[in-house]
2 protein chains.
Amino acid sequence: MTVTANDSLATYDPAAFERPSVTVDVVAFTAKSRRLHVLLIRRGVWPFEGQWALPGGFVQMDEDLDTAAHRELNEETGVAGAEFLEQLYTFGKVDRDPRTRVISVAYYALLPEPSLAPRAGTDASEAQWWPVDELPPLAFDHAHVLEIALDRLRAKLGYTSVAYALLPAEFTLTELQNVYELILGRELDKRNFRKKMLSTELLEGLEKQRRGGAHRPAQLFSFTKREPVFLD
Amino acid sequence: MTVTANDSLATYDPAAFERPSVTVDVVAFTAKSRRLHVLLIRRGVWPFEGQWALPGGFVQMDEDLDTAAHRELNEETGVAGAEFLEQLYTFGKVDRDPRTRVISVAYYALLPEPSLAPRAGTDASEAQWWPVDELPPLAFDHAHVLEIALDRLRAKLGYTSVAYALLPAEFTLTELQNVYELILGRELDKRNFRKKMLSTELLEGLEKQRRGGAHRPAQLFSFTKREPVFLD
DNA sequence: AAAATAGTGTCTATAAGACATTATGTC
DNA sequence: GACATAATGTCTTATAGACACTATTTT
């Protein structure tokens, strides 16, 4: 709610209070060359000019928060229609932005391996995928935001099917295992992994194979539901 | 972040954009007479005048979000210094408030059984504990907010030690079990519950007993850490 | 036939759940 | 001694983890 029950004003006056700015910032993850990557943009203006930052920007008066997150991601990096985009946390420390009071509603997105390099959007001078374990210094409190996003992604991987959002429609069990390994940062046992995955009803075996290289081809699978589902 | 990298403005002008209002709302839970309760206030002004709502109000320009949540809870209900207060989710649908665009950062708080009835604060005409399964109609999207808070509390009870925040410093195992049962909404097996709880290192047995009524007294326990801890 | 990745099963340890009786205080 | 709640252990089942060899394709 907004105006508390008994404001001293008998009627509501929207201009009565000074208001903070509200932005959305997006932590977009993808799995690429066996490493987890995040999409960053290089800032063109003060403050933190020339530094890398999360894509994001002002929430407009006539758009929902989720819509704003999609829009900013698209405008600044060219990534449109992220299949998975979820609110992460709202960061509102008084001094997190040197310009004025800015409250940032952070989102995180999961994307299948990008076939195209991100193009710099209309608002960003440059957009680029960075491996999460080799990041440049980040503007504002974005290093902190990113850490929280990583924690959430790791946790969520354990009890939901979010991995689907990092994979294309068809994939091999080895590719699925790679996604788990690169997010969790440790190796998993192949037999146990497959046993567990196939015991859920999340995967559907296809009548197709992926061949590539001098070895046995792998069966392709797809997720029965491309939406997050709780495991077990 | 806030202003995107290449705003059309070369320098930042804080007055350039129309801004939404930002509020905090607090879902305060307690365990009382074997039922889970939420603290609501009755609104004194339009909109939803006379209806029940979550305590909350404007975030001030010079206070952090957590601080604002503590302050509003105190001002509107007299509850000060909640031991557990955690951000829940940010609600920002364009039309969630009939007055103007209002983005609400929701928090949830856990309180030990209140010894005093809540007093109406300076801003609220009335404040009262309501059983979560017998709520009055709520203002704004507060019924939705409350549902999300309940889901979160139930989930968190399963994998952390949050129950400590709903209990006084010293309690019996039966009291602890009651808290679990009333949040989860089902009965638990006494022996299994105690076995599991005592196998964690969360509880410390005290050399004290609680007597009351014509029966064997119960041993008192306390939590070793009064902060949320992941189980196992 | 050599190389490379796919695919498969058993055994063990641990955790979760079902279940009933005895203990100790008050009145 | 009647009553009321506290306290306690075993067995079964399900789940997680360690562990090594065979299968199939390309070159």
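Throughout, protein chains are lettered first and strands after them, A, B, ... in sequence-line order, and every chain is numbered starting at 1.
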When Asn192(B) is tested against each of Arg194(B), Lys195(B), Lys196(B) for side-chain hydrogen bond (donor to acceptor under 3.5 Å, both in side chains), which residue passes?
Lys195(B)
Could you give all pairs that pass the salt bridge (Lys or Arg N to Asp or Glu O under 4.0 Å) test and reach residues 152-161 of chain B, with sequence neighbours left out?
Glu86(B)-Lys156(B)
Hits for salt bridge (Lys or Arg N to Asp or Glu O under 4.0 Å) against Asp64(A), two or more places apart or cross-chain, chain-then-number order -> Lys93(B)
Which pairs count as ring-ring contact (aromatic ring centres under 6.0 Å, His included) when at least one residue sits in residues 172-195 of chain B, sequence neighbours excluded?
Tyr180(B)-Phe193(B)
Quick test of your reading: applying ring-ring contact (aromatic ring centres under 6.0 Å, His included), list the pairs with at least one residue in residues 200-220 of chain A, sequence neighbours left out, ordered by first then second residue.
none
Restricting to ring pair (Phe, Tyr, Trp, His ring centres under 6.0 Å), what partner residues turn up for Phe171(B), sequence neighbours left out?
Phe223(B)
Close N or O pairs between protein and nucleotides 20-27 of chain D (under 3.5 Å):
{"residue": "dA20(D)", "atom": "N1", "partner": "Arg191(A)", "partner atom": "NH1", "Å": "3.3"}
{"residue": "dA20(D)", "atom": "N3", "partner": "Arg191(A)", "partner atom": "NH1", "Å": "3.4"}
{"residue": "dA23(D)", "atom": "O4'", "partner": "Arg216(A)", "partner atom": "NH1", "Å": "3.4"}
{"residue": "dA23(D)", "atom": "N3", "partner": "Arg216(A)", "partner atom": "NH1", "Å": "3.4"}
{"residue": "dT24(D)", "atom": "O2", "partner": "Arg216(A)", "partner atom": "N", "Å": "3.0"}
{"residue": "dT25(D)", "atom": "O3'", "partner": "Arg211(A)", "partner atom": "NH1", "Å": "3.4"}
{"residue": "dT25(D)", "atom": "O2", "partner": "His215(A)", "partner atom": "N", "Å": "3.1"}

Which residues pass the side-chain hydrogen bond (donor to acceptor under 3.5 Å, both in side chains) test with Glu181(B), sequence neighbours left out?
Gln177(B)
Sorted by chain and residue number, the side chain to side chain contact (heavy atoms under 4.5 Å, CB included) partners of Phe48(A) (sequence neighbours excluded) come out as Arg43(A), Gln51(A), Pro98(A), Ala139(A), Phe140(A)
Mind calculating the distance between CG (Leu198(B)) and P (dT8(D)) to the nearest angstrom?
8 Å
Quick one: which residue pairs count as a salt bridge (Lys or Arg N to Asp or Glu O under 4.0 Å) with a foot in residues 205-223 of chain B, not counting sequence neighbours?
Glu170(B)-Lys208(B), Glu175(B)-Arg210(B)
Expressed as a whole number of angstroms, how long is the span from Arg194(A):CZ to dG17(D):P?
17 Å
Quick check: His144(B) with Phe91(B) (ring centres under 6.0 Å apart)?
yes
Heavy atom of residues 172-183 of chain A under 4.0 Å from DNA chain D: which residues?
none
With distance as the sole test, does Ser161(A) use its side chain to make a donor-acceptor pair with the main-chain N or O of Val229(A) at under 3.5 Å?
yes
Need two values: the first and the last nucleotide of DNA chain C, 5' to 3', having an atom under 4.0 Å from any heavy-atom of chain B.
dG17(C) to dT26(C)
Overall bend of the helix from dA1(C)-dT27(D) to dC27(C)-dG1(D) (five pairs an end, 10° steps) is 0°
